[in-house]
Every structure is written in structure tokens, then in C-alpha cells.
There are 2 protein chains.
Amino acid sequence: MEPTQKKLLGVAAELFAERGFRAVSMREISRSAGITQAAIYHHFTNKEALYIAAVEYLYEGQTTDLVSLASQQEDPEAKLAVTVSRLLTLFDKQAQFRRIYFRELLDGDQKRLKLLADGVFPEIHEFLVGLMAQLAPHMDSHLMVLDLTGLIFHHLEARKLSAQLDTGRPKHQKLPYLADHIVALLLNGVRNQ
Amino acid sequence: MEPTQKKLLGVAAELFAERGFRAVSMREISRSAGITQAAIYHHFTNKEALYIAAVEYLYEGQTTDLVSLASQQEDPEAKLAVTVSRLLTLFDKQAQFRRIYFRELLDGDQKRLKLLADGVFPEIHEFLVGLMAQLAPHMDSHLMVLDLTGLIFHHLEARKLSAQLDTGRPKHQKLPYLADHIVALLLNGVRNQ
DNA sequence: GTCTATACGTAGATAGAC
DNA sequence: GTCTATCTACGTATAGAC
């Protein structure tokens, strides 16, 4: 891929993730990429095409990260602990992906959700289904994936809100503390200490 | 409150929840409210003020729903089951609130998050903390609230995505099935059948 | 492949009549 | 309290030179 095109995809992904499709202008993207606004149209037919391409670009980087996550091998419960911990650190770092995920849930049409479902979910799904089949053959593994992604993404994104709550504590922002909490919940529920 | 003002808040909340702040124009809101665009400025100083007022209007209706949720009294585990089930049906119906919640997590500034934290969270938090204190005195109740809201909101909002997944099943869209799954997970985790 | 210049629509907001 | 008319700014997108 040409360097200008790559640069455009990078800055577009960053801006779109941070502020959303409508709140980012082509002029702003071009400025961040170091070219003029008109020049974008040499690389992408319109704003929507650039958005789609930027999101796909973001998904690509994501699947490779997830594949490397799946390479670990240990006993099931330790595996879960490592997985939760690594998912937390991964999506803490990859805030762009996390935010685009939420934005697509809210505003994505059928076509764009299909992109997400086919482009990035299979990797993590296959890995987690394998893990859950070991841990909990009696549970619905598809829902377990949504449980886990929901818990992790929500905890990470809700930290800003958590900080505003009277009951918010500094430890609630710390990833290891979050990881321990989530693993304990997933393994034992509330019934067993 | 004047009927026109109330009407404006209602349609504004609906449109902002569905499509987001930037994607909704003052002209569109005025059209839905049956007045002209200029007339809005008699009631609200600008678009942002209308947005804030609409969100607060949405929060108000929400707290009363949550208070009625809290009135139930049974043994702790049955209480959890009823609570999860009612939260699912409540926020399935109140999609506007659910979507605004996600939008505020993504785009809300400190002031707007404070509005959410002080305006609606205390009600549900107090109720759930009481429930969790009975169920799981050893767990972090603040995180438990975020667990529960994350699970419920994410499952509801992810149904569109779930439908696109190869592994998506019709039963995954059904609230009672979701409720049973979430309750089982919260009570037992994956360790115990 | 990138530039300058510009067309064209639509946005938020205001002025002033009724 | 709502209207019509209008201002001004900014958005996407295109035309054509280099």
C-alpha cells in the first residue's frame, strides 16, 4: 500500500474512533495526514469509503493481536485468568478498536456489522469457545463470548464514568484488580468464595 | 412544563439516542415537534442546551422506573433472578436510555458523565449494592454494578451483531434465555452446574 | 499525486414581523 | 410563541492546473 494511503487510514481510524463519523471532517483528516482535503479524493471515493477502509484497517491489526493471544497453553482455569488479563491489557491499549466496536454497535448498518462479525469475531470466538468448552461444557459458549467482551469492554470504557461516582475508587481503575474481579466472577459467581 | 417544550424534549431524546448529537439537525427536531427550526430557540439557547435538557429528561423517567424495580422483596437469589429479568425487559424497552448511556460513555465530557453518575446511578447502585451485600459480601459491590450493567446493556445492544454471526441463534435474541444465562453465570460462574 | 479554486448544500443561529 | 427571511460558517465533493 502507498504510504499516503496508509497514513490516511491511520489518522482516519484514530479520529473516527475518538469522535465518531459525523464529528470528523475530511479537512481535519487531511490536515493530520499532511495533505490537502481535495487530495484525499484521489485515494478514496468519498468519506464513507474512507471510513469503511479505516475500520477494516483497524480490524486487520486486531485479528493478528488476537491470534497471538490464542497461542498460550495451560490448564483451563489458569488459561482463563491469563486470557482475561491479556484481553484487558490488549483492549486498554487498543482503545481505538474498543471505541469503534461500540460505535458500530450503535450506528453500524447490517453490512458494517457483517464486516465486524466476519472480519474479527471468528478469531476470538474460536479461541474462547475452545476455552469455554473446557471450562463450562454446560454453558452457551456463544453467549459466553458476549459475556466476556461485554464485561471487558464495558469495564474499560466505563472507567471515565466510574471516576465520577462517589463510590469510585482508584483501585477500580487498575487492570489487575479488574482482572481478578472478572475471573473470580466468571469462575465462581457470587455463591462461592 | 409547557407542552411544546415537553414535545421538543421527547422528540429530541428519541432522535439523539437513535443517531447521535451530530447526526441530528435542529430542523429535523423542529419538524418532528411540529414547529419551525427558529422556534426552538425560544425554548433553548442552542443545540447543546437542548441535548443536555433532553438527556436529563430521559434520565428522570429512568430513575422512577428503577425505583419501582427496587420495591420487590424475596430471598436473595430469587431476587437476583427477578432483578436481571426486569432489568433486561426494562432496558430492552428503554432503548433510548440504553443508547444514550453508550453514547455518553463514548463522547460525554466530565460534566455530562457527572450528570449520569449523580442523576441516575445512585438509584440503581443503592438497590444493587443491597442485593449484592446479601448475595456476595466478599465481592466488590461497585464493580458488581458495572458487571451487571455491562452484561445487560451489552447483550441487548449486541443482538444486531449477534444476528450477523454464523453462531448466532434465534434463542440468543430471546430475553428469558438471556436472563437465565446471566443469572446462572452470576450465581455459579462456570465451575458449578 | 497533490495543489488551488470553487461549486453547492446544509448546518446553527439571529432579526424582526405578527 | 411562532413565523419567514436571512446571515455566516463549514461541510463534502469536483474541476482543472502543475
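FYI, side chains are in, hydrogens and waters are out, and symmetry mates aren't considered; it's all heavy atoms of this structure.
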Presence of A:T4 side-chain N/O under 4.0 Å of C:dT2 phosphate oxygens OP1/OP2: yes
Summary of protein contacts for nucleotides 7-13 of chain C, nucleotide by nucleotide, where a base hit scores B, a sugar-phosphate-only hit scores S (4.0 Å, heavy atoms): ----BBB
Salt-bridge contact B:R22-B:D107 (side-chain N to carboxylate O under 4.0 Å): no
Between A:H172 and A:H155, ring centroids under 6.0 Å: no
Set of residues satisfying salt bridge (Lys or Arg N to Asp or Glu O under 4.0 Å) with respect to A:D180, sequence neighbours excluded: none
A:T36 side chain near C:dC3 phosphate (N/O to OP1/OP2, under 4.0 Å): yes
Whether B:F21 and B:F16 hold their rings parallel, tilted or perpendicular, with breakpoints at 30° and 60°: parallel
A:D65 bridged to A:K93 by N-O distance under 4.0 Å: no
Value in whole Å for how far the P atom of C:dC3 lies from CZ of A:R31: 13 Å
Any A:H42 side-chain nitrogen or oxygen under 4.0 Å from OP1 or OP2 of C:dT2: no
Residue B:E28 excluded, over 12 heavy atoms near CD under 6.0 Å: yes
Euclidean distance, atom CD1 of residue A:I40 to atom P of D:dA13 [Å, nearest integer]: 10 Å
